Amino acid sequence: MSGHSKDLSRPTPFGELVASPVVGVETVHGHQGLRLEEPLLFEIDNTGAEGVDLPPPPVTENRLGGLERSSAIGLPSASEPEIVRHFTRLSQKNYAIDMGTYPLGSCTMKHNPRLNEKMVRLSGFANLHPLQPESTVQGALELIDTLAHWLKELTGMPAVAMSPAAGAHGELCGVMAIRAALDAREGGQTTRRRILVPDSAHGTNPATAAVCGFAVDAIPSDARGRVDVKAFSDKLDDDVAGIMITNPNTCGLFENDMIEIARLIHDVGGYFYCDGANFNAIVGRVRPGDLGIDCMHINLHKTFSTPHGGGGPGAGPVVLSEALAPFAPTPWVVHDGNGYALVEHAADAGEARPFGRLKGFHGQMGMFVRAYAYMLSHGRDGLRQVASDAVLNANYVMSQLSDVMTAAFDGPCMHECLFDDRFLKDSGVTTLDFAKAMIDEGYHPMTMYFPLVVHGAMLIEPTETESKRELDNFVSVVRALVARVQAGESDAFAAAPRLTPRRRLDETTAARRPILRWTPDVPTVEAAE
Ligand SMILES: *Cc1c(COP(=O)(O)O)cnc(C)c1O
């Protein structure tokens with residue numbers, strides 16, 4: 001949409017000036033100081049250049065029967081330095097937790113201690129192969145087993161499935177275990193059709209229920225931002241398979257009625273799924289098992305500080321109650337006097353009735369090592385303090401902003417604070433504009449328009465790893481932006497971001513009509529914007 005950016009798509013011949021992101025400054029290539037423009041890999045194609053010299057392939061018998069390609073497939077070529085520069089430049093276009101405060105609510109973008117990285121690079125872990133004989137990976141299996149033990153301790157649950165590769169994958173694991181338990185109880189396919197999900201839920205909750213073949217029945221939130229227990233109990237019937245509740249919930253609030261909800265759902269024969277993505281707010285302080293839940297995924301990449309963003313990898317182990325434990329997916333680690341071993345097949349599972357397998361091999365080993373190192377370095381008291389500090393920091397930010405912004409709910413929050421857009425009313429500035437203006441100030445925006453139950457939501461999760469000084473810097477920037485709103489500078493907000501490599505994008509077109517394939521003729525930047 002922004003007028004100038006089309007010209008920035010690729011290097012231009014020398015001599016032709018290109019408008020750069022800082023309005024009014026033009027440069028030959030579109031580079032600006034040390035911030036470099038970067039064309040697509042296909043556009044830097046340097047045909048014939050090679051990063052490695054491979055020996056000519058030995059002549060082998062052709063068994064393709066005439067189906068072999070007759071033309072080149074058109075992969076770009078580049079030399080090793082060209083490739084290194086391309087990907088290094090691209091990497092520098094990312095905002096990262098290592099660059100500054102990253103207050104993206106619900107995502108827990110906290111510092112990843114370098115000790116974790118050092119441990120995961122120990123060659124005994126870094127060079128493992130999942131098909132190695134068990135006798136050669138005893139240490140790795142012990143680590144998985146010990147991590148599993150600690151997760152059970154921290155949650156007060158008797159079993160854990162370690163293999164899910166992310167939170168959403170853990171949800172799939174939990175709901176598949178629920179379905180397997182119901183099928184087993186009913187001696188065939190369960191007739192229970194509904195899963196109850198609060199209207200404030202993360203999108204992965206209803207998506208998981210739907211993928212598993214259940215109908216999603218939304219429960220309204222009450223005026224306190226919590227599950228409306230009356231509305232919930234009115235929906236209960238013997239066709240309910242279960243409920244999925246996030247605690248602390250996506251409004252950053254503790255669900256106070258968990259025990260009552262557990263009793264009610266169990267009374268009608270359903271199961272209680274808890275979305276544990278926000279476990280960092282209660283780790284070491286509340287054991288979800290004591291609240292009566294049947295399963296919960298834990299995002300190791302949130303609570304236990306393994307790197308995330310940009311699509312992974314994550315790890316989403318699922319703790320399970322006595323009722324669901326028999327249905328946990330393979331594989332799992334067992335040990336006896338002879339050492340550690342993996343149970344890989346249902347036939348070796350004894351009494352258990354695993355619903356199947358969710359993932360090739362044994363889980364995200366690199367994430368296990370990092371989470372293990374994090375737990376070991378924090379200890380019992382340190383993990384408790386993680387939760388306390390996460391909650392303290394969020395309440396500090398809330399207290400520093402509540403007089404100029406509008407908190408969505410009264411009272412203190414847990415690990416994230418939620419504002420709505422009432423403070424922007426009649427200003428001509430939207431939540432989106434406000435978030436874009438934060439980018440110009442060098443901050444990743446807070447989560448916007450989520451949870452859906454709050455109008456124009458802005459969800460701020462500072463995490464426990466920000467110092468008071470960093471929080472004060474963040475608060476002062478947000479307050480200064482609010483002052484600009486009050487001063488009537490809506491045009492400046494509508495024009496933000498002004499200092500990024502690309503300006504305001506047409507996000508709807510990008511989402512609805514993404515152009516995923518490069519062809520020499522299509523002006524790609526124009527198409528994406
Ligand atoms: C992050 C998150 C998820 C999904 O976790 P992924 O690891 O991104 O799949 C689910 N629910 C809530 C509340 C979350 O914050």
Side-chain angles (χ1 to χ4, degrees), residues 97 102-110 112 151 161-176 195 197-212 216 218-219 221 225-227 243-255 258 272-283 288 293 295-319 358-359 363-364 366-368 370-371 387 390 394 413-418 444 446-454 457-463:
I97 187 62
Y102 202 138
L104 191 62
S106 214
C107 295
T108 314
M109 305 305 288
K110 67 190 191 187
N112 304 300
L151 292 174
M162 294 297 287
S163 67
H169 205 203
E171 292 173 38
L172 183 68
C173 175
V175 176
M176 287 180 78
I195 287 202
V197 182
D199 55 6
S200 62
H202 195 266
T204 49
N205 292 191
T208 299
V211 161
C212 290
V216 177
I219 317 167
S221 303
R226 276 117 175 150
V227 170
I243 182 168
M244 300 179 83
I245 293 191
T246 310
N247 194 24
N249 69 22
T250 60
C251 299
L253 302 170
F254 193 82
E255 291 284 356
M258 293 288 281
F272 191 169
Y273 188 98
C274 181
D275 179 328
N278 296 334
F279 191 47
N280 62 314
I282 57 172
V283 60
I293 66 163
C295 51
M296 181 180 94
H297 75 263
I298 302 164
N299 302 59
L300 296 188
H301 46 292
K302 292 177 179 170
T303 303
F304 299 108
S305 82
T306 71
H308 59 297
V318 179
V319 289
L358 276 174
K359 194 175 184 313
Q364 303 280 44
M367 299 301 122
F368 295 164
R370 290 175 172 93
C413 58
M414 294 296 286
H415 61 303
E416 51 197 354
C417 53
L418 179 59
H444 194 288
M446 63 282 272
T447 290
M448 341 168 259
Y449 301 108
F450 175 81
L452 305 177
V453 292
V454 166
M458 298 187 198
L459 184 63
I460 300 174
E461 180 178 14
T463 82

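In what follows, every heavy atom counts, from backbone to side chain, and hydrogens, waters and symmetry copies are set aside. Source: prediction; values computed, not measured. Counting convention: from 1, in listed order, for ligands and their atoms alike.
Residue P317 forms a side-chain contact (heavy atoms from CB on, under 4.5 Å) with just one option from M162, Q364, M367, and that option is M162.
Partners of A387 by side chain to side chain contact (heavy atoms under 4.5 Å, CB included), not counting sequence neighbours, listed by chain and number: V283, R285.
Ring-plane geometry between H444 and Y102 is classed as parallel, the angle between the planes falling under 30 degrees on a 0 to 90 degree scale with a further cut at 60.
V318 is listed as a side-chain neighbour of H297, based on a closest heavy-atom distance under 4.5 Å. In this structure, the side chains of L418 and P451 come closer than 4.5 Å at one or more pairs of heavy atoms.
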Give me the pairs of N or O atoms, one from ligand 1 and one from the protein, that sit under 3.5 Å apart.
residue	atom	partner	partner atom	Å
ligand 1	5 (O)	N299	ND2	3.0
ligand 1	7 (O)	G167	N	2.7
ligand 1	7 (O)	N299	ND2	3.1
ligand 1	7 (O)	H301	NE2	2.7
ligand 1	9 (O)	G167	N	3.3
ligand 1	9 (O)	A168	N	2.8
ligand 1	11 (N)	D275	OD1	3.4
ligand 1	11 (N)	D275	OD2	2.6
ligand 1	15 (O)	S106	O	2.9
ligand 1	15 (O)	S106	OG	2.9
ligand 1	15 (O)	K302	NZ	2.8

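The backbone N or O of K302 sits nowhere less than 3.5 Å from a side-chain atom of T108 that would complete a donor-acceptor pair.
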